[in-house]
Each structure stands twice: as C-alpha cells, then as structure tokens.
Number of protein chains: 2
Amino acid sequence: MRGKAISWNGDYLLVLDQTKLPLSEEYLALRDTEDYVKAIRLMKVRGAPLIGIVAGYAVAQAGLNSAFSDLQDFEAKVRKAIARISATRPTAVNLYKALERMQRVLDDNILRTPREIANLLVEQAKAIHKEEIEATEKISRLGATLIPPGSEVVTICNTGELATAGLGTALGVIRQAFRQNKIKRVWVLETRPYLQGRLTAWELAKDKIPFRVLVDGAVGALFRKVKISASIVGADRIAKNGDFANKIGTYQLAVLSEKHQADFIVCAPTTTFDPNTKSGDQIKIEERDGDEVRKFSRSFVLPKNYPVWNPAFDVTPAELVSYYVSDEGIKLGRRKLKDDS
Amino acid sequence: MRGKAISWNGDYLLVLDQTKLPLSEEYLALRDTEDYVKAIRLMKVRGAPLIGIVAGYAVAQAGLNSAFSDLQDFEAKVRKAIARISATRPTAVNLYKALERMQRVLDDNILRTPREIANLLVEQAKAIHKEEIEATEKISRLGATLIPPGSEVVTICNTGELATAGLGTALGVIRQAFRQNKIKRVWVLETRPYLQGRLTAWELAKDKIPFRVLVDGAVGALFRKVKISASIVGADRIAKNGDFANKIGTYQLAVLSEKHQADFIVCAPTTTFDPNTKSGDQIKIEERDGDEVRKFSRSFVLPKNYPVWNPAFDVTPAELVSYYVSDEGIKLGRRKLKDDS
C-alpha cells in the first residue's frame with residue numbers, strides 16, 4: 001500500500017498525509033468523523049475526486065462506529081457525520097455528490113438493522129472509490145488522444161493519484177500520453193499557497209516522467225520561451241455553461257494559453273460537472289486562512305497583522321476552454337469552436 | 001537611520017538586511033569588496049537602482065581601503081573591485097552604468113594620489129546615491145498624475161525605498177498618489193520565489209497605506225473580482241524599443257492588465273534605460289539557484305534532486321505598456337498609442 005493516497009482496511013481509512021510530501025511519507029488513520037473533518041480541512045487529503053471518496057468513507061465510518069447503537073441513535077449519528085463533512089470545504093461539488101449518495105443509502109434502507117445499513121454504507125463508499133478510479137482511466141485514455149507527439153505541457157496543482165485515488169485527471173492524461181511517447185516534458189506550477197506542485201513533482205518523479213517545477217509567476221515567461229502544446233488542468237466544479245472552478249492560478253493560465261496558442265484542456269470525472277450551477281459566478285469560492293500565505297511549513301514570512309487575500313480557487317470562463325475531457329467523452333470548448341469556425 | 005535601506009557613514013556602508021524583513025530589522029556593515037559581492041548576490045540588498053548605488057559605494061570602499069597603497073596597487077585593487085561587482089547580477093543595467101561612472105573617475109584622475117582618487121570615488125558614489133533619490137521624487141510626482149481618484153492598483157516585487165534608497169519608482173508613484181487621496185488600496189503580489197512582496201507590504205504598513213498581499217497565482221482572479229485602475233511596476237532594464245526586463249511575473253501581469261483594461265505603467269529612472277540593448281530578446285536573464293524554489297523561507301519543500309527552472313526576471317514586450325514614467329518625463333507606450341488611435 002506504500003505510496004497510495006488512501007486505503008480502506010475494513011475498519012478505518014489510512015491516508016497518506018499530503019502536507020508532508022514529498023519530503024516524507026507519513027500515514028494517518030482516520031477512525032471517527034472528527035478525524036475525517038480535520039484531514040479534509042487541513043488538506044491532509046485534497047483534490048476534488050479524492051475529497052468525494054473520503055467523504056463516502058467518512059459516512060461509512062460513522063455507520064460502522066454506531067453499528068451497535070439502536071436505529072434512532074445510529075441514524076442521528078450518520079446524519080450528523082454527513083452534516084459535519086458537508087461543512088468542510090465548499091467549492092468541490094464531488095463532496096456533495098458523494099454525501100448525497102451516502103444519504104440515499106441511509107434513506108432507502110431505514111427498515112434494516114444498523115449493522116446491515118453500516119455494511120451497505122461501506123459498500124457504497126467502496127463503489128464511489130472504484131468508480132472514481134475507473135473514471136480516471138477513461139479520462140486518461142481519451143485525453144491522451146488530444147496530445148501531439150513531442151509535447152511540452154503545463155499543469156497546475158495536483159490532479160494525480162493523490163487527488164483522485166486513480167491514474168489522475170489532468171495528470172492521468174499526461175501519464176497516458178507519456179506512455180505513448182508523446183510527452184517531452186511537463187512544466188509543473190508550484191501552486192502557491194499550498195504548493196501542490198510538490199505533489200505533482202513527487203508523482204512524476206516516481207513515474208520517471210521528465211519535469212521541471214517553476215513558480216506561478218514564471219508561467220508567462222515559460223510561454224514566451226518554450227513552445228507549449230497544451231495546458232492540462234483539473235476542475236473542482238464545472239457549471240452548466242462550461243465555466244469552471246479550479247485551483248487559484250488556473251484562470252491566468254487559461255488567458256496565457258490562449259494568447260500563446262496552446263490548447264487548454266480541462267479534465268474531470270462526470271461527478272465534477274454540476275448542472276445545478278448555471279455559471280461560474282454562482283460557484284462559492286472558498287477563502288482560506290491568510291496564514292497559508294503568511295507562512296509556509298513552520299516559518300512565518302509575513303507578520304500576523306498584515307492583511308492577506310487567500311482565495312483557494314478561481315473561475316475560468318468557458319470561452320477560454322479548448323476541450324473538456326470526462327469519463328463520458330471529449331467535448332469541444334468554446335475556444336475550440338471559435339477557432340474552428 | 002532606522003529603516004533606511006543603506007547609509008554611508010564615511011568608512012563603510014551600513015545596509016538593512018532585506019532577507020530578514022519584515023520579521024526583523026537587522027543591519028550589515030559592508031567593509032570590503034567581498035562583503036559587497038555577497039550582499040548583492042544573496043540579495044541582502046536588491047532592486048535595480050539600489051544595486052547601482054551599492055555598486056558605487058563598493059568601488060569607493062575598495063579605493064578607501066587601498067588609499068595608502070602605491071598608485072599601481074591602488075589602481076589594480078579598484079579595477080578588481082569593479083570586475084568583481086560587475087559579475088554579481090547580470091540583468092539590471094544600473095549596476096553597469098554605476099560601475100562605468102566609477103571607472104571614469106579612476107581613468108580621469110590617474111595622475112592624482114590614491115588618497116585623492118579615493119575621495120573622488122566616494123564623492124561619485126554619493127552623487128549616484130543622491131541622483132537616484134532625486135530621480136525617484138520626480139518619477140513619483142509625474143507618475144501620480146496618471147492615477148485616477150479611488151484607484152485600486154496592483155504592484156509586483158518591491159520598488160520602494162528598499163529598492164531605490166528614495167521614495168521608490170512604482171512604489172513612489174503609489175506613495176505620492178496616496179498622499180493625493182487617489183489610492184483606495186494596493187494589491188501586493190507576493191512575488192515568489194524571493195517574496196519581495198513582503199518588502200512592499202513592510203513599506204506600505206509603515207506608511208499606513210491600505211494593502212492586501214496575494215499569491216502570484218491569484219492576480220488573474222483579482223482582475224475578475226476588483227476593478228483595477230492600473231498595474232504599476234518597476235524595471236531592471238528597458239531596451240531601446242521599449243521592451244523591458246523586470247521581476248518574474250511582470251509579463252503575465254501585463255497580459256492580464258491589457259485583458260482587463262487596466263493601465264500598465266512602468267516606472268524607472270533614466271539609468272534603467274539602456275539604448276545599447278535594441279530589444280528584449282537581447283537582455284540577459286539571470287537564472288538563479290533552484291533552491292530558491294525548492295525552499296520556502298528556511299525550510300525545504302522539494303528534495304534537492306527535483307529539477308527546477310528559476311528565472312529571476314522576464315521580458316515584457318513594448319506593446320503591453322501604457323506609460324513609461326522616468327525622471328525625464330512620461331512617455332506613452334505602444335498600448336496607449338494603439339488604444340488612442
């Protein structure tokens with residue numbers, strides 16, 4: 001199980017602590033709702049699909065932990081777990097979709113015993129987990145068909161095994177294209193404040209895919225220096241009109257990709273598509289604690305009283321997208337439709 | 001002298017260690033050429049105009065330290081200091097211009113005694129220092145006329161007292177516009193890898209000018225969220241055709257400013273204009289040690305063997321510039337000329 005983002009051992013969830021990577025590989029056991037809440041809030045686990053999977057296990061865990069309570073108590077505890085997990089991080093829709101599925105298991109089986117329902121909750125969490133892994137495999141295969149041989153590509157944040165439990169979304173596409181000898185080099189955006197680029201670098205290093213890490217401010221200079229074929233990114237929520245939320249820095253990457261004629265490819269499982277959100281301006285953007293900017297690791301670089309703006313995500317309008325790749329297929333984005341018309 | 005970037009006390013140069021700000025204010029005494037080389041290379045002092053001033057004092061220091069040698073020895077030592085300082089950082093032209101002025105003092109006075117020449121070198125270094133301070137005052141006054149009342153502005157890196165020994169270039173314009181009640185808020189780009197945004201935040205906090213710090217990846221989202229009047233930046237070298245080098249991240253800020261109809265204002269003393277460089281592609285861009293990216297503050301975030309690209313500067317093409325503000329006046333940039341035509 002070494003190097004796996006998460007694994008369910010029947011009793012609890014073991015997660016790789018992503019705040020410690022790549023310098024050390026440490027595992028945490030999540031055994032009750034508060035463990036799960038903390039792991040998601042503190043970004044020990046992160047990435048929209050992975051958050052969804054972990055949310056499923058969190059509810060299953062609450063069920064297992066109350067399997068010997070009476071039904072009323074059991075139901076209250078599971079519902080409370082759903083409410084607690086639902087309040088952890090607002091932007092990724094996968095979290096809510098996973099919780100809805102878990103809720104439905106509870107609602108549909110309320111005549112069974114707690115033990116039986118708990119088992120069904122575990123089965124449902126495992127199903128979500130399995131489906132997300134399969135979705136990344138489809139995304140990877142489909143997305144790779146868009147990458148020309150000899151490509152230099154840019155990616156932001158982390159969208160690999162650590163974000164999805166599977167091959168990855170954007171990083172899955174890169175992996176698959178590399179296997180097909182189409183990737184010359186991957187340019188990895190550091191992705192302040194949380195530096196998820198270090199997670200992507202860790203995954204690429206393990207797979208021996210050539211990469212270079214750069215600061216977020218250097219991506220414009222990169223486009224001027226190197227012919228980039230495509231920027232390949234994940235998503236946390238894709239609105240009905242094609243606008244989407246993703247890690248802060250994605251919007252400017254999309255603007256630069258258009259200016260320098262690089263394709264801009266958004267890769268996400270169908271669970272990330274949210275037909276209930278009409279457009280990007282309806283997506284709630286999480287603003288996180290300013291200390292993420294004021295410090296890194298244990299050292300402060302700014303005093304506590306300096307004001308900081310720390311949005312975790314931004315919204316990229318649909319007109320900057322060349323392609324959407326999901327497990328259901330490739331959809332042309334408005335930028336591609338415009339270019340082709 | 002508290003809070004001053006540098007001060008010459010007659011015997012040596014006292015510099016505020018910019019690597020320690022804003023969490024602590026520590027001073028370093030530079031007493032010989034190697035002290036100066038180290039201070040510039042390790043960015044204890046930085047900012048194109050300030051590097052020029054410090055380079056002047058470095059040569060004066062070498063002269064003073066050899067004032068009791070014979071003329072041949074004196075001349076060799078001063079020339080060696082010029083060569084050593086000249087090899088510290090390649091991008092800012094101010095460094096070379098200051099060294100040329102110091103060299104000329106030596107060449108023009110070679111019939112005098114070492115003691116006399118040393119005194120003339122000190123006078124020349126002081127003159128460079130004084131002229132740079134005066135230039136920032138003119139730039140500040142001129143630039144402020146371009147800022148409309150109620151402005152929200154963005155700036156990158158540090159271009160204030162810490163970069164110029166005077167009011168500042170871009171930050172001087174912001175200071176002056178604030179005094180005229182035109183500035184509502186300053187958005188300060190963190191400016192990885194070296195985080196010079198912390199220096200700008202420190203200067204703004206001292207002057208009680210409202211500001212917020214954001215990561216470099218958030219500037220695109222900022223332009224979508226807030227109506228920005230202008231991006232105001234410094235420069236390290238401005239080529240004859242108007243292309244210019246500045247801190248990494250400036251190019252993408254220029255692209256976003258154009259997309260969101262914010263003015264893009266470049267502020268620099270005449271010493272930063274380099275008629276011998278025809279265009280931006282002739283500017284030598286310093287690439288610094290990858291550990292600046294691998295580390296955050298004092299802690300490593302990436303292993304030593306992960307490859308990193310760490311350009312300290314980028315080049316912004318002239319067509320993205322609205323105005324150039326120097327101590328000699330305001331010049332319309334190509335973007336403004338295009339908009340107005």
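Small disclaimer: the values here were computed from a predicted structure and weren't measured. Proteins get letters first, then strands, A, B, ... in listed order; numbering begins at 1 in each.
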Please look at [X] and chain A and tell me whether the side chain, the backbone, both or neither of the residue comes under 4.5 angstrom of a heavy atom of that chain.
| X | answer |
| --- | --- |
| B/V315 | both |
| B/L253 | neither |
| B/A218 | both |
| B/P311 | side chain |

Identify which of A/A205, A/G290, A/P22 forms the greatest number of heavy-atom pairs closer than 4.5 Å to chain B. A/P22
Among A/W187, A/F223, A/W309, which has the most heavy-atom pairs under 4.5 Å with chain B?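 Going by pairs under 4.5 Å, I would pick A/W309.
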Please report the shortest heavy-atom distance between B/R198 and A/Y306, naming the atom on each side. O-CE2, 4.5 Å
B/A221 versus A/D314, closest heavy-atom pair with distance: CB-CB, 3.6 Å
Test item: A/D216 and B/R192 side chains (from C-beta on) under 4.5 Å apart, heavy atoms: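 SC-SC contact between A/D216 and B/R192 ruled out.
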State, with a plain yes or no, whether a side-chain heavy atom of B/R224 is found less than 4.5 Å away from one of A/P317. yes
About how many Å separate CD1 of A/I248 and CG of B/L222, when rounded to the nearest 0.5 Å? 9.0 Å
Is [X] close to chain B through its backbone or its side chain, or both, or neither, when contacts mean heavy atoms under 4.5 Å?
| X | value |
| --- | --- |
| A/L214 | both |
| A/K247 | neither |
| A/F211 | both |

